[in-house]
Protein chains: 2
Amino acid sequence: MVGDSSRIAGQDGLRADARRNRQRILAAARSVFAEHGIDAPMATVARRAGVGVATLYRRFPTRDALVRAAFAQQMDTCARALTEALADPDPWRGFQRLVETVCALQREERGFPAAFAAAFPDSTGEHARARERAERDFMTLVRRAQAAGALRPDFHPSDLVVALLSHCGLVTALPGDRAASRRLVAYLLQSFRAEAAHGALPAPSALSLRSLPLAAGGSTGHA
Amino acid sequence: MVGDSSRIAGQDGLRADARRNRQRILAAARSVFAEHGIDAPMATVARRAGVGVATLYRRFPTRDALVRAAFAQQMDTCARALTEALADPDPWRGFQRLVETVCALQREERGFPAAFAAAFPDSTGEHARARERAERDFMTLVRRAQAAGALRPDFHPSDLVVALLSHCGLVTALPGDRAASRRLVAYLLQSFRAEAAHGALPAPSALSLRSLPLAAGGSTGHA
DNA sequence: TGCCAAGCGGACGAGATCGTCCACTTGAGC
DNA sequence: GCTCAAGTGGACGATCTCGTCCGCTTGGCA
């Protein structure tokens, strides 16, 4: 019984119809979460996907698992943005684009901000390794941008969390108001510039960057 | 029967025991909302207040009414901060203190941020008059601070909403992390300074300031 | 002290959501 | 085509929350 997978077809161990249903559930989840928030009833997701609740629960035993899987693609985009930022020869431009990309995602993908904020406190997830790497990468980016004299010297890596979570809150409070979101991003980026450093800042947060959901691992979320 | 108030004792038309209960409910609501968020069951509030649910519903027919009343004092503090800011001979210092006061309130009073954000979309409340005045006052403050060359000329009154709501989101996502909150406030205030105006900003939000919950009227909230 | 309207509390029915269980269906290999 | 494990759907009991109803209590005034 154990290890005998000769009968299963897909590479993910799912039968063709099951894999199809899984995709429909994820699409439905994104749509429902965007419309009603991530607290929408599971049954609503199941109905929109055209499957029974049991099927939904079998694939995603908890709401959290469903949320993560539904927005794994967006999380991946965040992780990719970090890689691209590091690859940019101009570290400030990389930094700027990283922040803008993540914020644009939060702004455009309804439901994602809530998923983003919800995923945040979980620093003990199974993606610890990917997160550690993201943390290290981001610190490298910060150091480079500071060495280039573009990023203010007192910028602390945890300030990224501050920026992203506050932006998250803004787009949650004012969904659809793109101007407000863009305005905040512009203000924050300006104040991160070296030229903006006038007085001393209060002490940075003790937040571990480890909990940053920038790199959420593969796009499957299927354990 | 109508208009005969000869038998009622308090100036608010409530019997002494009822007035006492009302206060206990408000205290309990603040405590429960701080602990479990403003979506906590009404019955929990009633239990903590030591009253029956019927008593709670009689005083506050909707959760919204309870939330408003529970945080009316904090709203008043916001309104007072605006008045004081206008009275300050240094308009920038007034502006700065206004933002810091409101953000400190959001930071320190657990539950208030949620109430603040929840109260926000309601621009049609019965406090329209007070709000209009607050809006006018704030615009005066902005104009003065800009004339003094302290506030950047492209600052738009709706940017206050952007700042307060994003801060709101931050403290909601990271309750207890005062350093993060202070850091965001410092960054935002720096980027609002005239010296920080480097490039052009994206267009401001079309938000009406009318919806700003800065002035929520009297401290009673009892209609 | 007595009256009575204002005030009170808890039981209760309605409605929503959760997550499981089980009998039926179907895809994939032979 | 046949077999059967994987997959499915919806009914169901448990739990929670809401807001009202109604019989009892009490504060304030005469």
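Every heavy atom of this structure was used, including side-chain atoms; hydrogens, water molecules and symmetry mates were not. Please read all numbers here as calculations on a predicted model, not as lab measurements. Below, chains carry the letters A, B, ... as their sequence lines are ordered, and counting in each starts from 1.
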The helix from dT1(C)-dA30(D) to dC30(C)-dG1(D): angle between end helix axes, five pairs per end, rounded to 10 degrees:
10°

Distance check needed: dT17(C) C1' versus His36(A) NE2, whole Å only.
15 Å

Which whole-number value in Å describes the distance from Arg47(B) CZ to dC18(D) C1'?
14 Å

Nucleotide dG28(D), atom C1' - distance to CZ of Arg19(B) in whole Å
12 Å

Nearest to the side chain of Arg59(A), heavy atoms from C-beta on, is which of dT8(D), dA28(C), dG28(D)?
dT8(D)

What residues form a salt bridge (Lys or Arg N to Asp or Glu O under 4.0 Å) with Arg182(B), not counting sequence neighbours?
none

Out of dC18(C), dG7(D), dT20(D), minimum distance to the side chain of Tyr57(B) belongs to dT20(D)

When the distance from CG of Asp17(B) to P of dG27(D) is rounded to whole Å, what number comes out?
6 Å

Whole Å only: how far is the CZ atom of Arg24(B) from the P atom of dC8(C)?
10 Å

Hey, are Ser31(B) and Arg48(B) close enough side-chain-wise for a donor-acceptor pair under 3.5 Å?
yes

Separation of dG27(D) P from Asp12(B) CG (nearest whole Å):
17 Å

Sequence neighbours excluded, which residues qualify as ring pair (Phe, Tyr, Trp, His ring centres under 6.0 Å) partners of Phe155(B)?
Phe95(B), Phe192(B)

Starting at CZ of Arg20(B) and ending at P of dA6(C), how long is that distance when rounded to a whole Å?
18 Å

Mind checking the CG-CG spacing from Leu26(A) to Leu66(A)? Nearest 0.5 Å is all I need.
6.5 Å

Here the gap from Thr172(A) atom OG1 to Phe116(A) atom CZ, rounded to the nearest 0.5 Å, amounts to 11.0 Å

If I take atom CG in residue Leu56(A) and atom P in nucleotide dC21(C), what distance separates them, rounded to the nearest angstrom?
17 Å

Which residues share a side chain to side chain contact (heavy atoms under 4.5 Å, CB included) with Ala186(A), sequence neighbours left out:
Leu201(B), Pro202(B)

Please table the atom pairs, donor to acceptor, closer than 3.5 Å between any side-chain atom in residues 97-110 of chain A and protein atoms at least two apart or in another chain.
| from | atom 1 | to | atom 2 | distance (Å) |
| --- | --- | --- | --- | --- |
| Thr101(A) | OG1 | Arg97(A) | O | 2.6 |
| Gln106(A) | OE1 | His167(A) | ND1 | 2.7 |
| Gln106(A) | OE1 | Cys168(A) | N | 3.4 |
| Arg107(A) | NH1 | Ser181(A) | OG | 2.6 |
| Glu108(A) | OE1 | Arg178(A) | NE | 3.2 |
| Glu108(A) | OE1 | Arg178(A) | NH2 | 2.9 |
| Glu108(A) | OE2 | Arg178(A) | NE | 3.4 |
| Glu109(A) | OE1 | Gln74(A) | NE2 | 2.8 |
| Arg110(A) | NE | Ala34(A) | O | 3.1 |
| Arg110(A) | NH2 | Ala34(A) | O | 3.0 |

Per-nt protein contacts along nucleotides 9-16 of chain D (heavy atom under 4.0 Å; B base, S backbone sugar-phosphate only, - none) come out as BBB-----

Measure the shortest side-chain to side-chain distance between Phe33(B) and Val45(B) over non-hydrogen atoms and say whether it is less than 4.5 angstrom.
yes

Looking at Arg22(A), Arg19(A), Arg59(A), which hits salt bridge (charged side-chain N to carboxylate O under 4.0 Å, His left out) with Asp12(A)?
Arg19(A)

